[in-house]
Amino acid sequence: MTHELKRISTRIGSIAESATLKVDGKAKALQAAGRPVISFAAGEPDFATPEHIVEAALEAVRDPRNYRYTPAAGLPELREAIAAKTLRDSGLAVEPSQVIVTNGGKQAVYQSFQALLDPGDEVLVPTPYWTTYPEVIKLAGGVQVDVFAGSDQGYLVTVEQLEAARTERTKVLLFVSPSNPTGAVYSPEQTREIGEWAEANGLWVITDEIYQNLTYEGVRAVSIVDAVPALADRTILVNGVAKTYAMTGWRLGWMVGPADAIKGAANLQSHLSSNVSNISQRAAIAALNGPQDAALAMRDAFDRRRQVIVAELNKIPGMVTPTPQGAFYVYPDVSGLLGRTWNGVTPTTSLELADLILDQAEVAAVPGEAFGPSGYLRFSYALGDDALLEGVQRLQRLFA
Ligand SMILES: Cc1ncc(COP(=O)(O)O)c(C=O)c1O
């Protein structure tokens, strides 16, 4: 019997393209073709990286120490700065040896699941979820178990829901607060309750804290290991400079965790990518150890835009937009707009609705299908104030 060899592996063939990048790419292509598209699709700040960070990078470029391979897990000074930041913002004391510097938070997410999952291990994933998690869980052989929370519960899952989804194969709880795509932030009490439940059931937690510093109205996103210190031995924290410091293109993130998981992930990284660019690492040291006023000013700008977009979207009948307390996304429930006819088109899914608003209002938003069930649109408000208002007004006119 001959075995038929596939051109492309089943594993890689099963990965879907990032839906968020796809929508943003489509919007950018239309813009390049001269169409006045306003894109709410990108998950990145529109600001320039703060000047003192850029200066640190320029200095690093001229320093021959940075021209060679450095330790795969990161520059010692940066690992120290990350350990200090983890204590400051996540309330967890760690050694620099418990830190790996990665090529963006994305690589940290990938390596965290690779380090923990055996084939068939189940991961509880609060839904709606960030587009990348399902693919990364699948690549690690894991089985994703969705735990859905809609707008009626502020997109926050409860312990009861998690418990109902838990089986003897459940190994990991994914915890993301503030959340992409919803901007929802768990309260300190909710975080503690969920953390205690995870601890009592012997679960690992992967906590994605990349939006940790982008919270509003005095709300603080308490780290799950801060709320439940006993979890520290089974928790991997994922973070990075991309969102807080407008550094998405610098590709600098990290993972922090117990020695065995970190050792495993560091071994993987030593074969996969080695050290992150030394220039970006030096820039990240300046970001974490330097003045925070520029980062705080960007947060204030996001807050202002958040208030505008929520107020304006809520004027559209059929869209229900909860007020998010973190990140830079709003996630309206648009089910009230489906099944109705707009200029001869009747969208029945949020995917079709996203196409409709792109075609008829030249506004790009990412459909809920990218993050779980249909019936939602994700709008990033990390775009200029004028464009933001104009984009929302186009939708108000379309759905008037
Ligand atoms: C929830 C979440 N985690 C992690 C990341 C990774 O960010 P980066 O790889 O740019 O550091 C993103 C980026 O969109 C995100 O939204």
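Note: hydrogens, waters and symmetry copies are ignored here, and every other heavy atom, side chains too, is used. Atoms within a ligand are numbered from 1 in the order they appear, just like the ligands themselves.
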> Do we see a donor-acceptor contact under 3.5 Å between the side chains of Tyr133 and Asp208?
Replying inline: yes
>> Below 30° counts as parallel, above 60° as perpendicular, anything between as tilted: where do the rings of Phe379 and Phe40 land?
In response: perpendicular
>> Quick check: Tyr329 and ligand 1, any N/O pair under 3.5 Å apart?
In response: no
>> Please determine whether a side-chain nitrogen of the Lys or Arg among Asp226 and Arg192 lies less than 4.0 Å from a carboxylate oxygen of the Asp or Glu.
In response: no
> Has ligand 1 got any nitrogen or oxygen that is less than 3.5 angstrom from a nitrogen or oxygen of Thr248?
Replying inline: no
>> Students should be able to answer this: which protein heavy-atom is nearest to atom 9 (O) of ligand 1, and at what distance?
In response: Arg251 NH2, 2.7 Å
> Which ligand 1 atoms are under 4.0 Å away from a heavy-atom of Tyr211?
Replying inline: 1 (C), 14 (O), 15 (C), 16 (O)
> Are Val238 and Leu252 connected in a single hydrophobic cluster, I mean Ile/Leu/Val/Met/Phe/Trp/Tyr linked by side-chain heavy atoms less than 4.5 Å apart?
Replying inline: no
>> Does any N or O of ligand 1 fall below 3.5 Å from an N or O anywhere on Asn103, backbone included?
In response: no
> Which ligand 1 atoms, with their elements, are less than 4.0 angstrom from a heavy-atom of Gly104?
Replying inline: 9 (O), 11 (O)
>> Any heavy atom of Tyr133 closer to ligand 1 than 4.0 angstrom?
In response: yes
> Which ligand 1 atoms does Ala242 reach within 4.0 Å, using its non-hydrogen atoms?
Replying inline: 10 (O), 11 (O)
>> Check this for me, if you would: do Arg79 and Glu95 make a salt bridge, where the nitrogen-to-carboxylate-oxygen distance has to be below 4.0 angstrom?
In response: no
> For atom 8 (P) of ligand 1, which protein heavy atom lies nearest, and how many Å away is it?
Replying inline: Gly105 N, 3.4 Å
> Centres of the Tyr376 and Phe371 rings: under 6.0 Å?
Replying inline: no
> What residue and heavy atom of the protein are closest to atom 15 (C) of ligand 1, and at what distance?
Replying inline: Trp130 CE2, 3.5 Å
> Are the charged groups of Arg234 and Glu199 less than 4.0 angstrom apart, N to O?
Replying inline: yes
> Which one of Thr131, Asp208, Thr132 has a non-hydrogen atom at the shortest distance from atom 3 (N) of ligand 1?
Replying inline: Asp208
> Considering only the protein, which heavy-atom contact is closest to atom 14 (O) of ligand 1, and what is its distance?
Replying inline: Lys243 NZ, 2.7 Å
>> Checking a contact table here: which protein heavy atom is nearest atom 7 (O) of ligand 1, and how many Å away?
In response: Ile210 CD1, 3.7 Å
>> Check for me, please, whether Leu313 and Val310 land in the same ILVMFWY cluster - side-chain distances under 4.5 Å, paths through other members count.
In response: yes
> Phe302 and Phe47: aromatic ring centres closer than 6.0 Å?
Replying inline: yes
